[in-house]
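Structure first, then comments.
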Protein chains: 4
Amino acid sequence: MTTSASRRPLRADALRNRAKVLAAAEEVFAVQGTSASTDEVARRAGVGIGTVFRHFPTKESLLEAVLVALLERLAEEAEGLRSADDAGAAFFGFFARVVSRAKVKQAVTEALAEAGVDAHDRAGTAGPGLKAALGVLLARAQAAGAVRADVSAGEVMALLAGLCYATERAGADEGVLRVVFDGLSARRADPRGAGPSAT
Amino acid sequence: MTTSASRRPLRADALRNRAKVLAAAEEVFAVQGTSASTDEVARRAGVGIGTVFRHFPTKESLLEAVLVALLERLAEEAEGLRSADDAGAAFFGFFARVVSRAKVKQAVTEALAEAGVDAHDRAGTAGPGLKAALGVLLARAQAAGAVRADVSAGEVMALLAGLCYATERAGADEGVLRVVFDGLSARRADPRGAGPSAT
Amino acid sequence: MTTSASRRPLRADALRNRAKVLAAAEEVFAVQGTSASTDEVARRAGVGIGTVFRHFPTKESLLEAVLVALLERLAEEAEGLRSADDAGAAFFGFFARVVSRAKVKQAVTEALAEAGVDAHDRAGTAGPGLKAALGVLLARAQAAGAVRADVSAGEVMALLAGLCYATERAGADEGVLRVVFDGLSARRADPRGAGPSAT
Amino acid sequence: MTTSASRRPLRADALRNRAKVLAAAEEVFAVQGTSASTDEVARRAGVGIGTVFRHFPTKESLLEAVLVALLERLAEEAEGLRSADDAGAAFFGFFARVVSRAKVKQAVTEALAEAGVDAHDRAGTAGPGLKAALGVLLARAQAAGAVRADVSAGEVMALLAGLCYATERAGADEGVLRVVFDGLSARRADPRGAGPSAT
DNA sequence: TATGAATGAGTGTTCATTCAT
DNA sequence: AATGAATGAACACTCATTCAT
């Protein structure tokens with residue numbers, strides 16, 4: 001279930017470098033977007049360009065690794081809330097925290113977007129991981145009556161991606177988040193479909 | 001109503017070329033994303049690359065012009081609904097139509113995002129234009145009791161951008177749109193702030 | 001029947017540059033071998049690297065153009081001898097002249113080798129051109145009784161390539177050429193197959 | 001008989017590794033040409049890249065060692081024919097066998113070419129070794145009246161290199177070999193120089 | 001001694017932008 | 001004004017070679 005599928009475990013220093021590169025890539029892509037150059041990543045990591053390519057043989061694979069790492073961290077965070085007392089607060093709190101992080105990190109948005117699209121299998125293993133963890137949070141919040149019953153984990157992830165994007169690129173603030181939270185919450189009089197038609 | 005403040009009025013054929021380039025750019029960027037090459041735009045427009053750069057001295061400025069044109073069209077569309085009978089339907093219908101268009105046009109998303117960020121003055125004149133037109137739609141829908149009173153036009157634009165992004169990149173569908181519509185609609189028991197906290 | 005298949009004829013200066021690049025490539029590849037860099041070619045031609053790639057979109061295509069040009073020149077030379085008085089002298093003289101040129105130009109060897117291999121169609125149109133011209137020379141020399149009848153133009157081209165290689169890389173001299181000429185000449189007592197078996 | 005003049009004798013396992021690397025290099029260069037990477041050689045040998053460079057400090061030296069090994073084997077083969085009954089058959093058979101091997105092994109050609117050029121001292125000791133062995137075969141064949149008297153061992157080696165090249169790169173077949181054999185054979189009416197002039 | 005991770009100069013290629021025609 | 005050839009910095013990626021483990 002770990003990320004690397006390498007034959008033998010990497011040497012300690014190699015592992016350290018891999019981590020340095022990954023961290024640098026995360027920073028660089030977060031700030032400059034995914035079109036930042038691999039040279040920039042190497043520079044920030046303090047390693048030679050060859051080292052970057054030794055660990056991640058294409059830029060694509062580096063990007064993928066960054067996304068996977070992000071998604072894994074989010075999934076862990078979600079799993080940590082799995083048995084929180086207030087299921088509703090856990091769900092909405094997680095959602096808000098992810099969005100607030102996007103204010104700085106473009107990569108979060110992209111990671112979420114990729115994770116939501118199954119066709120593009122870049123985020124391969126990690127996407128489902130997050131979706132599953134989020135699913136648990138969602139199910140508990142629904143059972144507790146805090147979230148409407150007719151929303152799927154996939155829909156929540158799409159909302160998450162959209163909100164992150166809106167926050168980071170279109171200047172969305174808590175007002176916007178509140179609207180979405182209200183849309184998600186169960187406290188509403190009307191049965192499904194009674195609201196404004198979504199087509 | 002025109003965007004450019006050029007010194008002398010363009011000759012007829014120059015104007016025609018400018019329009020051809022703009023149309024081609026819109027198509028190309030919509031399909032291939034904004035990283036498509038200017039050569040590709042020139043080819044599609046059937047003009048030389050020099051002509052593209054004569055009218056839009058940098059790629060950035062070409063991109064900006066495309067976004068502005070998009071926003072102007074959206075603003076016009078919104079203005080056309082200004083005196084619709086059902087103010088709620090007008091508002092939600094406009095929203096849904098914009099989002100559905102994003103399924104094909106990557107540029108729409110970006111245009112909306114840019115328009116929402118005042119700091120970035122790329123979309124200069126056109127952003128406010130759309131915001132104003134949308135504001136009218138919103139105010140009427142709020143007056144008619146179809147949309148909650150505590151949302152601003154800026155927030156709606158951010159939501160629009162987020163939804164477009166979610167639709168185009170994260171596979172969002174009508175389920176997601178419905179959630180947002182419910183969040184926006186006025187039919188809810190609780191006064192502001194009673195829902196899940198957005199911080 | 002010309003080399004370029006471009007839509008419209010190149011401008012005069014573009015043609016000039018194309019020629020400069022081609023000439024530079026020929027020199028560079030002749031001296032340093034085909035693994036010389038395209039940057040080197042650009043430098044020698046006195047143009048920017050972009051110009052090289054505008055005319056020859058890959059290194060492969062540049063190489064091909066160089067080979068084609070070489071083969072075309074050889075073919076022209078062969079055609080010029082088509083109606084020489086002494087058919088034998090024409091044939092052997094052409095052969096010797098080509099080989100002597102290889103002393104300086106690695107590319108000649110490679111061009112001939114490529115031309116001889118039909119599978120590899122790099123030298124596409126030009127290879128057959130040379131083979132045909134050489135075929136005429138050969139047929140006339142055979143008719144004149146100067147060259148044995150059981151050799152084909154393809155075999156002569158392979159010999160030519162081999163001799164060029166031997167000359168340029170293995171220090172072959174006229175002694176070696178003489179042996180091959182004797183092998184090719186008709187003045188021999190034995191009918192085919194009476195010599196040392198070639199298997 | 002060994003090539004290296006290293007300070008202290010290698011340990012048994014080191015020797016074994018050296019041999020493994022050499023064998024792998026031979027295979028790799030034979031199949032992929034001399035531009036194959038040293039990493040590939042290490043992989044094929046089943047050793048680390050560091051080991052390759054410990055034994056052969058540059059790629060150039062590895063290449064040289066491969067060529068030397070090839071030439072040594074050819075020399076041994078030639079020596080084995082030193083006292084064959086039919087001196088002519090021995091000579092021509094050896095020649096044909098070497099050429100036929102070139103069909104698969106690019107390196108053979110290069111080895112022969114290098115061996116023929118004294119200036120380039122890469123094949124240092126081994127080149128002369130082959131030339132000497134070949135010289136014996138040649139002298140005996142000449143004494144037996146099977147090969148013309150006015151050819152030197154060096155010329156034969158150049159011919160060998162050229163034929164290998166022609167075979168491997170220009171599609172030469174037995175027809176070509178036959179021509180050369182006829183040129184080399186003694187059964188000809190004319191004294192030296194009566195044939196077509198080689199200049 | 002053997003390993004393989006690290007290095008960085010070098011490669012082929014692209015593309016926004018300039019400028020001669 | 002329009003053209004498209006020319007430019008060269010920038011990019012992703014490779015590979016011979018070095019060096020810490």
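Chain naming here is simple, since letters A, B, ... match the order of the sequence lines and numbering starts at 1 in each. What you see below is based on every heavy atom in this structure, not just the backbone, and it leaves out hydrogens, waters and symmetry mates.
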Steps toward side chain to side chain contact (heavy atoms under 4.5 Å, CB included) verdict (C:E110, C:F29): CA-CA 10 Å; C:E110 195 162 343; C:F29 292 145; over 6 Å; no
Nearest-angstrom distance from the residue atom CG of B:L15 to C1' of F:dA1: 13 Å
B:K59 side-chain N/O to B:T34 backbone N/O, donor-acceptor pair under 3.5 Å: yes
Length of the line joining A:E40:CD and F:dA12:C1', which is rounded to integer Å: 15 Å
Pairwise side-chain contact, D:L70 with D:R73, heavy-atom cut-off 4.5 Å (strictly under): yes
Rounded interatomic separation in angstrom, taking CZ from C:R43 and P from E:dG10: 10 Å
Result of checking C:D39, C:L22, C:V21, C:N17 against C:V52 for side chain to side chain contact (heavy atoms under 4.5 Å, CB included): C:V21
Side-chain N,O (B:N17) to OP1/OP2 (F:dA1) below 4.0 Å: no
Nucleotide-level pairing of DNA chain F, given in dot-bracket where Watson-Crick and G-U pairs need both distances under 3.5 Å and | marks other strands: .||||||||||||||||||||
Short side-chain N/O contact to F:dA1 OP1/OP2 from B:H55, under 4.0 Å: no
Rounded interatomic separation in angstrom, taking NZ from D:K20 and P from E:dT1: 16 Å
Annotated protein contacts, base or backbone, on nucleotides 16-21 of chain E with a non-hydrogen cut-off under 4.0 Å, one of B, S, - each: SBB---
